[in-house]
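Remarks on the structure that follows.
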Number of protein chains: 2
Amino acid sequence: MSLDRPSELQAGDARAPRQQPATLRDVAEAAGVHATTASRALNPKAQQLVNAETVRRVRRAAEELGYQPNPIARSLKTSKSSTVGLVIPDLTNPLFPPIVRGIENVLESAGYSALIVNTDNDPQRERALIESLRSRQVEGLIIATALLDHPLLQQLQQQDVKIVLINRRIENLRMPFVVGDDATGIGLAVKHLAALGHTRIAHLAGPQTTSTGVVRSRAFRHAVRDNGLEEDPALIVECAHWSEEDGAGAMRELLDRGTRATAVVAGNDLIALGCYDVFADRDISCPEDVSVVGFNDMPFLDKLRPPLTTVGVPHHELGAEAARMLLDSIDEPERYPRSLLLPVSLILRDSTAAPPA
Amino acid sequence: MSLDRPSELQAGDARAPRQQPATLRDVAEAAGVHATTASRALNPKAQQLVNAETVRRVRRAAEELGYQPNPIARSLKTSKSSTVGLVIPDLTNPLFPPIVRGIENVLESAGYSALIVNTDNDPQRERALIESLRSRQVEGLIIATALLDHPLLQQLQQQDVKIVLINRRIENLRMPFVVGDDATGIGLAVKHLAALGHTRIAHLAGPQTTSTGVVRSRAFRHAVRDNGLEEDPALIVECAHWSEEDGAGAMRELLDRGTRATAVVAGNDLIALGCYDVFADRDISCPEDVSVVGFNDMPFLDKLRPPLTTVGVPHHELGAEAARMLLDSIDEPERYPRSLLLPVSLILRDSTAAPPA
DNA sequence: TTAGTTAGTGCAATCGATTGCGATGGCCAG
DNA sequence: CTGGCCATCGCAATCGATTGCACTAACTAA
């Protein structure tokens, strides 16, 4: 009988149910050594403390018994849980699943797992969830809900909680972050529209309580100036949330107060989707009457009517880098906090065209 | 100074940094009792074993010290981790985020957390991930990757692992599951098309290795017969995966071999999306030339060109019920396994219309 | 020969909470 | 006055792995 899948065998093996999984002591006994030695033999970092032949014996015994170290016991002793917390607004926002997968990918290969919580943008809830995460002994936090003014995060930082921010940052806090290069993304979008011949471009800005919101709208204003376009403050309207609904509201406001514009760069794809809704209601056709560009390139944008031009952000990489960073800072707590700005790219589809004559 | 947020206070409190969080023994000492008593005083189930006054003292001490029980130590002793594993194919599939949120909602209120893993439909990976989940001492598993023939699940069942299946089931295994009512969903779709006047309806079936796939295609055949429509085997083509790509492939196959059909009911929304791709390539217009109905009502289907008619499944509820079920079976291991069939509804949009004259 | 290394291993404490069992003292019935 | 019951509470073992320290040989250097 083969021994390479012991944990499966024991299931079908009638004579030795061995309900309890093998413990380190069982292995030690089987190998004829003390648990201490077994522990060291199994631990790569301590392996050189024990005789090579002994190591072999122990490893073989471990394999035969299908030994799996109990991570809970280990955690208790070492006070490392091999777990990190991931705090996002809402998993249901298509922006996040790819990020989560990126994070889990690198966590997985390091033997870590993520505990995911959704705050629904409720600070109360966020506080409670983070509290519960901490009580579960997470070793660090990846946070996607950062606000420009975020007392909770400041507090956590003071308490030496390891944190990396993702997708959003906090400007005056020295806290590592991984974000897309929003400014050049917006720059690309405006330039593209300008090249098409647009001169009055509107911006449906995201909430100015988030770095993403302010960076993008600042970049928009700069791009407008750099491209010599019309700088009318009325062309900028802010959304309170990164949502389709708020996007629609902003678009309606723009239309209702009669601000002329032949193109709009939306704070993100959801906001752009809101524009689509308004267009449908009011018989405006895109891109003939007005061009739209989104931000993020969330899935299925190419199936829209019309397929949405947007700026693509490497979500998977964003997540992966954030996880790598957190892991690093867990390994070397003293390391100076790095931050990353990942490159973005304009993805041309059919929602942008030359302005109406 | 208020005492209701001790863990925050201690951060800013210069004189007593108390780096280490308070332990049960600290609380006991502060209350002038033994740790045993403190433990019982804090545990609702054991509280009646200790004097009411003592309970008060202990609780006060706990509060003052900002005591948070260490779940790891607790887990070690009780071998309960308050954690369950969630096994899905790919979080990036829009079907899953709402399910996950439903699950986490009920888990959260029970003090449980979920560890999410993505198998990418790779059995090897699935096995390894479940192994790792188990080594993390999860108390149960919610599995969305069930195949009709799934030896691993059978094994787990024999090893008394608590499992509830979600979205898919295994017919001959007595394992609790929560699924949408696929059969009546398909029935609704076919009936709707029949009422519109279609007589040759195609079915782009999902993989017949999954219960969802076979149930839906079986229901399709029955519905066709019940509505007195044409029963041409050529009208049914199977997709190897629940993907846009495979959906497109199936649609192309149907077209290429010249099978006439004025409507197609897709195994799910992704497959329907694949049809859209082919339509775009071949200048077929939907719904004028051919009607399409999907399944699941994943997000943003209403923004498609044309908005997709589909059958809506209560994803959030699906997740919530599955979690409830798992929790129940953890609490009362002997309870007879229940299963749930949640009601679905046809969601009419613009991808279905009367057949061309 | 003797002191001093060094490699290899074991002892026992420890992480923080839980729990079976036993001890204590008060109180009541007989 | 004595035995017994009950309400309270503490002792100590336990969960499974890790690790500082000590111990034993065997070996080296002087």
Side-chain angles (χ1 to χ4, degrees), chain A residues 18-59 61-62 65-83 111 134-139, chain B residues 18-59 61-62 65-83 111 134-139:
Chain A
R18 195 173 224 320
Q19 211 49 311
Q20 322 300 2
T23 167
L24 181 62
R25 252 159 275 271
D26 297 335
V27 175
E29 195 171 348
V33 299
H34 192 268
T36 304
T37 307
S39 170
R40 291 200 262 252
L42 263 12
N43 178 342
K45 308 201 171 237
Q47 213 180 119
Q48 72 286 355
L49 291 177
V50 17
N51 183 289
E53 164 56 20
T54 310
V55 170
R56 259 190 299 278
R57 276 216 320 284
V58 172
R59 306 223 117 154
L65 294 177
Y67 171 68
Q68 291 283 113
N70 182 328
I72 304 213
R74 190 203 303 259
S75 293
L76 179 57
K77 179 61 183 174
T78 62
S79 46
K80 318 202 74 203
S81 59
S82 292
T83 291
R134 294 189 64 195
S135 84
R136 276 184 177 264
Q137 318 289 131
V138 296
E139 291 181 42
Chain B
R18 197 172 223 320
Q19 211 48 313
Q20 321 301 1
T23 167
L24 181 61
R25 252 160 276 271
D26 297 335
V27 174
E29 194 171 348
V33 299
H34 191 267
T36 304
T37 306
S39 170
R40 291 200 260 253
L42 263 11
N43 178 342
K45 309 201 169 238
Q47 212 179 120
Q48 73 286 354
L49 291 177
V50 18
N51 183 288
E53 164 56 19
T54 310
V55 170
R56 258 191 300 278
R57 276 216 319 285
V58 172
R59 308 223 117 155
L65 294 178
Y67 170 68
Q68 291 282 112
N70 181 328
I72 304 214
R74 188 203 305 260
S75 293
L76 179 57
K77 178 63 183 172
T78 62
S79 47
K80 318 202 74 205
S81 59
S82 291
T83 291
R134 294 190 63 196
S135 84
R136 276 185 176 264
Q137 319 287 131
V138 296
E139 291 181 41

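Please read all numbers here as calculations on a predicted model, not as lab measurements. Naming: A, B, ... by sequence-line order, numbering from 1 per chain.
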Minimal heavy-atom distance between B:Ala73 and A:Leu76, with the atoms involved, is CB-CD1, 3.8 Å

Taking every heavy atom of A:Ser82 against every heavy atom of B:Arg136, the minimum-distance pair comes out as O-NH2, 2.7 Å

Hey, does A:Ser75 reach any base, or is it just sugar-phosphate, or nothing, if we go heavy atoms under 4.0 Å? nothing

*asked:* Tell me whether B:Glu139 contacts the main-chain N or O of B:Ser81 through its side chain, where contact means a donor paired with an acceptor under 3.5 Å.
replied: yes

For this session: Using a 4.0 Å heavy-atom cut-off across all strands, classify A:Leu49 as base, sugar-phosphate, or nothing.
Result: base

Under a 4.0 Å heavy-atom cutoff, the residues of residues 29-39 of chain B touching DNA chain C are B:Thr36, B:Ser39

Heavy-atom nearest nucleotide on DNA chain C taken for B:Arg74 and for A:Gln48; more 5' hit belongs to A:Gln48

| request: Would you check if the side chain of A:Thr78 reaches a backbone N or O of A:Arg74 as a donor-acceptor pair within less than 3.5 Å? | output: yes

Would you classify A:Ser79 as touching base, sugar-phosphate or nothing, given that sugar-phosphate means primed atoms plus P, OP1 and OP2, and contacts are heavy atoms under 4.0 Å?
nothing

The residue among B:Val58, B:Asp26, B:Leu24 that forms side-chain contact (heavy atoms from CB on, under 4.5 Å) with B:Tyr67 is B:Leu24

Problem - Within-4.5 Å side-chain heavy-atom neighbours: B:Pro21 and B:Gln68 - result: no

Between CG of B:Asn51 and C1' of D:dG10 the distance, given in whole Å, is 15 Å

One would report the end-axis bend of the helix from C:dT1-D:dA30 to C:dG30-D:dC1, five pairs per end and rounded to 10 degrees, as 60°

inquiry  = So does A:Ala31 get a backbone contact from the side chain of A:Arg57, meaning a donor-acceptor N/O pair under 3.5 Å?
reply    = yes

Here the distance between atom P of D:dG10 and atom CZ of B:Arg25, to the nearest Å, is 13 Å

Nearest heavy-atom contact between B:Arg59 and B:Leu42 is NH2-O, 3.2 Å

Here the pair of heavy atoms bringing B:Ala30 nearest to B:Ala61 is CB-CB, 4.0 Å

In terms of heavy-atom contacts, B:Ser75 and B:Lys80 come closest through OG-O, 2.9 Å

With a 4.0 Å cut-off (strictly under) to non-hydrogen atoms of chain A, the first and last hit nts on DNA chain C, 5' to 3', are C:dG8 to C:dG16

- Task: Determine yes or no for a side-chain-to-main-chain donor-acceptor pair under 3.5 angstrom, with B:Thr83 supplying the side chain and B:Val138 the backbone.
- Result: no

Whichever of B:Arg40 and B:Thr78 has the more 5' nearest nucleotide on DNA chain D, that residue is B:Arg40

